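From a predicted model like this one, the values you see are computed outputs, not experimental measurements.
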Amino acid sequence: MLTRAISPRAVLALLRRADPWLQVATLALFGFGLVDALLLSPPDYQQGESVRIMYVHVPAAYLASQVYLLLAAASALYLVWRNPLADMAAEAAAPLGAAFTALALVTGSLWGRPTWGAWWVWDARLTSVLVLFFLYLGYIALRQAVETPDKARRLAAWLAVIGAIDLPVIRFSVEWWNTLHQPASLLRPGGPSIDPSMLRPLLVMMAAYQAFFLLVWARQLRARLAPRLRHEAAARKEAA
(Lines give C-alpha, C1' and ligand atoms only; values in the text may rest on other atoms or scores of the structure.)
Protein backbone atom coordinates (compact mmCIF):
# COMPACT_ATOMS: atom_id res chain seq x y z
CA MET A 1 0.00 0.00 0.00
CA LEU A 2 1.07 3.60 -0.63
CA THR A 3 1.06 4.55 3.04
CA ARG A 4 3.27 1.56 3.90
CA ALA A 5 5.67 2.42 1.07
CA ILE A 6 6.36 5.86 2.58
CA SER A 7 9.50 5.56 4.66
CA PRO A 8 9.40 7.57 7.92
CA ARG A 9 13.17 7.96 7.72
CA ALA A 10 12.90 9.41 4.21
CA VAL A 11 10.13 11.75 5.38
CA LEU A 12 12.29 12.94 8.28
CA ALA A 13 15.21 13.61 5.93
CA LEU A 14 12.93 15.52 3.57
CA LEU A 15 11.55 17.64 6.39
CA ARG A 16 15.07 18.51 7.55
CA ARG A 17 16.16 19.51 4.05
CA ALA A 18 13.06 21.66 3.58
CA ASP A 19 13.51 23.61 6.82
CA PRO A 20 16.01 26.27 5.64
CA TRP A 21 14.06 26.84 2.42
CA LEU A 22 10.85 27.31 4.36
CA GLN A 23 12.58 29.73 6.75
CA VAL A 24 13.78 31.88 3.86
CA ALA A 25 10.41 31.74 2.12
CA THR A 26 8.54 32.69 5.30
CA LEU A 27 10.78 35.66 6.10
CA ALA A 28 10.88 36.93 2.51
CA LEU A 29 7.13 36.62 1.93
CA PHE A 30 6.17 38.20 5.25
CA GLY A 31 8.71 40.99 4.75
CA PHE A 32 7.47 41.90 1.29
CA GLY A 33 3.81 41.20 2.06
CA LEU A 34 3.62 43.31 5.22
CA VAL A 35 5.31 46.32 3.60
CA ASP A 36 3.04 46.05 0.56
CA ALA A 37 -0.10 45.48 2.64
CA LEU A 38 0.45 48.09 5.34
CA LEU A 39 2.35 50.83 3.49
CA LEU A 40 2.03 50.55 -0.30
CA SER A 41 -1.51 49.33 -0.95
CA PRO A 42 -4.25 51.99 -1.01
CA PRO A 43 -7.06 52.34 1.56
CA ASP A 44 -10.49 51.13 0.51
CA TYR A 45 -12.84 53.82 -0.81
CA GLN A 46 -15.55 52.70 1.64
CA GLN A 47 -13.75 51.06 4.57
CA GLY A 48 -10.72 53.37 4.63
CA GLU A 49 -7.66 52.13 6.51
CA SER A 50 -9.63 49.44 8.36
CA VAL A 51 -9.48 47.31 5.20
CA ARG A 52 -5.85 46.48 6.07
CA ILE A 53 -7.16 43.96 8.61
CA MET A 54 -8.05 41.92 5.51
CA TYR A 55 -4.36 41.11 4.94
CA VAL A 56 -4.22 39.34 8.30
CA HIS A 57 -7.78 38.04 8.51
CA VAL A 58 -8.31 36.47 5.09
CA PRO A 59 -5.08 34.36 5.03
CA ALA A 60 -5.84 33.14 8.58
CA ALA A 61 -9.40 32.21 7.57
CA TYR A 62 -8.19 30.28 4.51
CA LEU A 63 -5.55 28.44 6.55
CA ALA A 64 -8.14 27.58 9.21
CA SER A 65 -10.13 25.54 6.67
CA GLN A 66 -7.14 24.20 4.73
CA VAL A 67 -5.42 22.89 7.85
CA TYR A 68 -8.63 21.19 8.93
CA LEU A 69 -8.84 19.52 5.51
CA LEU A 70 -5.32 18.20 6.11
CA LEU A 71 -6.31 17.09 9.60
CA ALA A 72 -9.37 15.22 8.32
CA ALA A 73 -7.48 13.59 5.42
CA ALA A 74 -4.61 12.43 7.65
CA SER A 75 -7.12 11.14 10.21
CA ALA A 76 -8.94 9.17 7.51
CA LEU A 77 -5.64 7.63 6.42
CA TYR A 78 -4.95 6.65 10.01
CA LEU A 79 -8.40 5.09 10.46
CA VAL A 80 -8.11 3.06 7.25
CA TRP A 81 -4.45 1.96 7.36
CA ARG A 82 -3.46 2.68 11.00
CA ASN A 83 -0.49 4.56 9.62
CA PRO A 84 1.37 6.23 12.54
CA LEU A 85 2.86 8.87 10.24
CA ALA A 86 -0.63 10.02 9.27
CA ASP A 87 -1.60 10.23 12.93
CA MET A 88 1.51 12.32 13.70
CA ALA A 89 0.71 14.62 10.77
CA ALA A 90 -2.81 15.15 12.09
CA GLU A 91 -1.70 15.70 15.66
CA ALA A 92 0.92 18.24 14.57
CA ALA A 93 -1.61 20.15 12.46
CA ALA A 94 -4.37 20.48 15.07
CA PRO A 95 -2.92 23.22 17.34
CA LEU A 96 -1.79 25.23 14.32
CA GLY A 97 -5.26 25.03 12.81
CA ALA A 98 -6.80 26.12 16.10
CA ALA A 99 -4.43 29.10 16.25
CA PHE A 100 -5.27 30.19 12.68
CA THR A 101 -8.99 29.84 13.42
CA ALA A 102 -8.69 31.89 16.62
CA LEU A 103 -6.77 34.57 14.69
CA ALA A 104 -9.47 34.61 11.99
CA LEU A 105 -12.21 35.00 14.61
CA VAL A 106 -10.42 37.80 16.50
CA THR A 107 -9.42 39.78 13.40
CA GLY A 108 -12.88 39.21 11.93
CA SER A 109 -14.37 40.73 15.07
CA LEU A 110 -11.98 43.71 14.85
CA TRP A 111 -12.96 44.17 11.19
CA GLY A 112 -16.66 43.72 11.90
CA ARG A 113 -16.83 46.53 14.46
CA PRO A 114 -16.13 49.41 12.01
CA THR A 115 -17.79 47.62 9.06
CA TRP A 116 -20.98 46.22 10.61
CA GLY A 117 -21.09 48.24 13.83
CA ALA A 118 -20.83 45.08 15.98
CA TRP A 119 -18.00 42.97 17.37
CA TRP A 120 -19.95 39.76 16.75
CA VAL A 121 -23.16 38.63 15.05
CA TRP A 122 -24.54 35.10 14.81
CA ASP A 123 -23.90 35.20 11.09
CA ALA A 124 -23.79 31.85 9.25
CA ARG A 125 -20.14 32.27 8.21
CA LEU A 126 -18.98 33.43 11.64
CA THR A 127 -20.93 30.72 13.46
CA SER A 128 -19.63 27.92 11.24
CA VAL A 129 -16.04 29.15 11.74
CA LEU A 130 -16.65 29.21 15.51
CA VAL A 131 -17.81 25.57 15.22
CA LEU A 132 -14.54 24.83 13.40
CA PHE A 133 -12.61 26.30 16.33
CA PHE A 134 -14.49 24.03 18.75
CA LEU A 135 -13.76 21.04 16.51
CA TYR A 136 -10.05 21.75 16.76
CA LEU A 137 -10.29 22.10 20.53
CA GLY A 138 -12.33 18.90 20.73
CA TYR A 139 -9.72 16.99 18.73
CA ILE A 140 -6.91 18.22 20.99
CA ALA A 141 -8.90 17.58 24.17
CA LEU A 142 -9.88 14.04 23.13
CA ARG A 143 -6.27 13.06 22.56
CA GLN A 144 -5.38 14.28 26.04
CA ALA A 145 -8.48 13.18 27.94
CA VAL A 146 -8.67 9.50 26.93
CA GLU A 147 -6.12 7.46 28.86
CA THR A 148 -5.68 4.64 26.32
CA PRO A 149 -3.46 6.12 23.57
CA ASP A 150 -4.81 3.97 20.73
CA LYS A 151 -8.41 4.69 21.70
CA ALA A 152 -7.61 8.41 22.02
CA ARG A 153 -6.11 8.45 18.53
CA ARG A 154 -9.10 6.64 17.02
CA LEU A 155 -11.74 8.82 18.73
CA ALA A 156 -9.93 12.01 17.76
CA ALA A 157 -9.56 10.78 14.18
CA TRP A 158 -13.27 10.01 13.94
CA LEU A 159 -14.11 13.47 15.28
CA ALA A 160 -11.81 15.05 12.68
CA VAL A 161 -13.37 13.09 9.81
CA ILE A 162 -16.98 13.71 10.87
CA GLY A 163 -16.23 17.37 11.59
CA ALA A 164 -15.14 17.89 7.98
CA ILE A 165 -18.82 18.37 7.16
CA ASP A 166 -18.37 21.88 8.56
CA LEU A 167 -15.96 22.83 5.74
CA PRO A 168 -18.55 23.05 2.91
CA VAL A 169 -20.88 24.85 5.34
CA ILE A 170 -18.17 27.49 5.86
CA ARG A 171 -17.40 27.70 2.14
CA PHE A 172 -20.99 28.04 0.90
CA SER A 173 -22.68 29.67 3.90
CA VAL A 174 -22.61 33.06 2.18
CA GLU A 175 -24.50 31.56 -0.77
CA TRP A 176 -26.95 29.30 1.11
CA TRP A 177 -28.14 31.94 3.59
CA ASN A 178 -28.57 35.69 3.76
CA THR A 179 -25.64 36.84 5.88
CA LEU A 180 -23.79 40.01 6.74
CA HIS A 181 -20.57 38.44 5.53
CA GLN A 182 -19.60 39.48 2.03
CA PRO A 183 -19.69 36.85 -0.78
CA ALA A 184 -16.50 35.14 -1.91
CA SER A 185 -14.14 37.61 -3.55
CA LEU A 186 -11.23 35.32 -4.50
CA LEU A 187 -12.51 31.85 -5.47
CA ARG A 188 -15.51 32.86 -7.55
CA PRO A 189 -16.72 32.49 -11.13
CA GLY A 190 -15.20 35.20 -13.26
CA GLY A 191 -12.08 35.55 -11.13
CA PRO A 192 -11.24 37.69 -8.07
CA SER A 193 -13.28 40.84 -7.58
CA ILE A 194 -10.54 42.64 -5.64
CA ASP A 195 -8.60 45.49 -7.23
CA PRO A 196 -5.10 44.37 -8.35
CA SER A 197 -3.47 46.90 -6.01
CA MET A 198 -5.04 45.03 -3.07
CA LEU A 199 -5.04 41.55 -4.59
CA ARG A 200 -1.23 41.48 -4.94
CA PRO A 201 -0.41 42.03 -1.23
CA LEU A 202 -3.27 39.74 -0.22
CA LEU A 203 -1.90 36.85 -2.31
CA VAL A 204 1.62 37.45 -1.00
CA MET A 205 0.33 37.38 2.59
CA MET A 206 -1.56 34.17 1.88
CA ALA A 207 1.64 32.62 0.53
CA ALA A 208 3.50 33.85 3.63
CA TYR A 209 0.93 32.17 5.90
CA GLN A 210 1.27 28.95 3.88
CA ALA A 211 5.06 28.98 4.19
CA PHE A 212 4.84 29.70 7.93
CA PHE A 213 2.39 26.86 8.45
CA LEU A 214 4.55 24.39 6.52
CA LEU A 215 7.63 25.48 8.47
CA VAL A 216 6.05 25.04 11.91
CA TRP A 217 4.07 21.92 10.96
CA ALA A 218 7.20 20.25 9.57
CA ARG A 219 9.09 21.04 12.77
CA GLN A 220 6.24 19.65 14.90
CA LEU A 221 6.23 16.51 12.77
CA ARG A 222 10.00 16.13 13.12
CA ALA A 223 9.69 16.48 16.90
CA ARG A 224 7.35 13.47 16.91
CA LEU A 225 9.07 11.41 14.25
CA ALA A 226 12.71 11.62 15.36
CA PRO A 227 12.25 10.09 18.87
CA ARG A 228 10.15 7.27 17.40
CA LEU A 229 12.85 6.40 14.87
CA ARG A 230 15.55 6.54 17.56
CA HIS A 231 13.47 4.22 19.76
CA GLU A 232 12.93 1.76 16.92
CA ALA A 233 16.65 1.80 16.03
CA ALA A 234 17.58 1.15 19.68
CA ALA A 235 15.08 -1.71 19.88
CA ARG A 236 16.52 -3.32 16.72
CA LYS A 237 20.05 -2.93 18.08
CA GLU A 238 19.09 -4.50 21.38
CA ALA A 239 17.31 -7.38 19.65
CA ALA A 240 20.35 -8.06 17.47
Side-chain angles (χ1 to χ4, degrees), residues 26 29-71 95-138 163-213 216:
T26 301
L29 288 167
F30 266 119
F32 179 74
L34 285 173
V35 170
D36 201 6
L38 301 180
L39 301 177
L40 303 180
S41 66
D44 183 71
Y45 78 102
Q46 285 183 322
Q47 302 179 46
E49 298 292 345
S50 68
V51 76
R52 300 191 193 280
I53 300 174
M54 170 180 71
Y55 303 116
V56 179
H57 170 74
V58 172
Y62 269 86
L63 259 295
S65 293
Q66 290 175 18
V67 174
Y68 195 89
L69 186 61
L70 170 64
L71 173 67
L96 296 173
F100 283 125
T101 310
L103 181 60
L105 289 168
V106 170
T107 53
S109 179
L110 293 174
W111 199 6
R113 183 67 179 90
T115 305
W116 300 336
W119 296 105
W120 176 268
V121 292
W122 291 102
D123 176 273
R125 172 64 64 84
L126 272 64
T127 304
S128 54
V129 173
L130 181 62
V131 170
L132 184 71
F133 181 60
F134 289 139
L135 285 168
Y136 277 122
L137 296 185
I165 196 173
D166 191 44
L167 295 181
V169 176
I170 293 173
R171 172 67 180 83
F172 296 107
S173 58
V174 292
E175 299 176 17
W176 292 344
W177 295 287
N178 290 322
T179 71
L180 284 176
H181 204 282
Q182 66 271 22
S185 53
L186 286 177
L187 300 177
R188 60 188 288 275
S193 60
I194 302 176
D195 186 84
S197 61
M198 296 180 175
L199 180 61
R200 181 191 61 248
L202 179 59
L203 293 179
V204 174
M205 286 298 290
M206 292 175 74
Y209 271 64
Q210 292 277 2
F212 174 74
F213 164 71
V216 179

Query raised in the report: Passes side-chain contact (heavy atoms from CB on, under 4.5 Å), Leu70 versus Phe213? Steps please.
Result: CA-CA 12 Å; Leu70 170 64; Phe213 164 71; 3.7 Å; yes
**Report entry** Option among Leu38, Asp36, Leu39 that satisfies the side-chain contact (heavy atoms from CB on, under 4.5 Å) test with Pro201
**Finding:**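 Only one of Leu38, Asp36, Leu39 forms a side-chain contact (heavy atoms from CB on, under 4.5 Å) with Pro201, namely Asp36.
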Can you tell me how far apart [atom1] ([X]) and [atom2] ([Y]) are? Round to the nearest 0.5 Å.
X	Y	atom1	atom2	answer
Asp44	Asp195	CG	CG	9.5 Å
Leu203	Ile194	CG	CD1	8.0 Å
Leu167	Phe172	CG	CZ	11.0 Å
Trp120	Leu126	CH2	CG	4.5 Å
Asp123	Trp116	CG	CH2	5.0 Å
Met198	Leu40	CE	CG	13.0 Å

Return the minimal non-hydrogen interatomic distance between [X] and [Y], and the atom names on each side.
X	Y	answer
Met54	Leu202	O-CD1, 3.9 Å
Ala37	Met205	CB-CG, 4.5 Å
Val67	Phe100	CG2-CD1, 4.3 Å
Thr107	Leu103	OG1-O, 2.6 Å
Trp176	Val169	CZ3-CA, 3.9 Å
Leu29	Ala211	CD1-CB, 4.2 Å

Requested in this report: For the residue pair Phe134 and Asp166, establish whether any side-chain heavy-atom pair is separated by less than 4.5 Å.
Outcome: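 A side-chain contact under 4.5 Å is absent here.
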**Report entry** Validation row: Leu69, Gln66 side chains within 4.5 angstrom (heavy atoms)
**Finding:**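 Leu69 vs Gln66: side chains apart.
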Query - Derivation and outcome, side-chain contact (heavy atoms from CB on, under 4.5 Å), residues Leu110 and Trp119 - result: CA-CA 7 Å; Leu110 293 174; Trp119 296 105; 3.8 Å; yes
Between the side chain of [X] and the main-chain N/O of [Y], is any donor-acceptor distance below 3.5 Å?
X	Y	result
Ser109	Leu105	no
Tyr136	Ala64	yes
Ser173	Ile170	yes
Ser65	Tyr62	no
Tyr209	Val56	yes
Arg52	Ser41	yes

Report task. Decide if atom CD1 of Ile165 counts as having more than 12 heavy atoms of other residues, nucleotides or ligands within a radius under 6.0 Å. Result ->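 Atom CD1 in Ile165 is not crowded, with 12 or fewer foreign heavy atoms closer than 6.0 Å.
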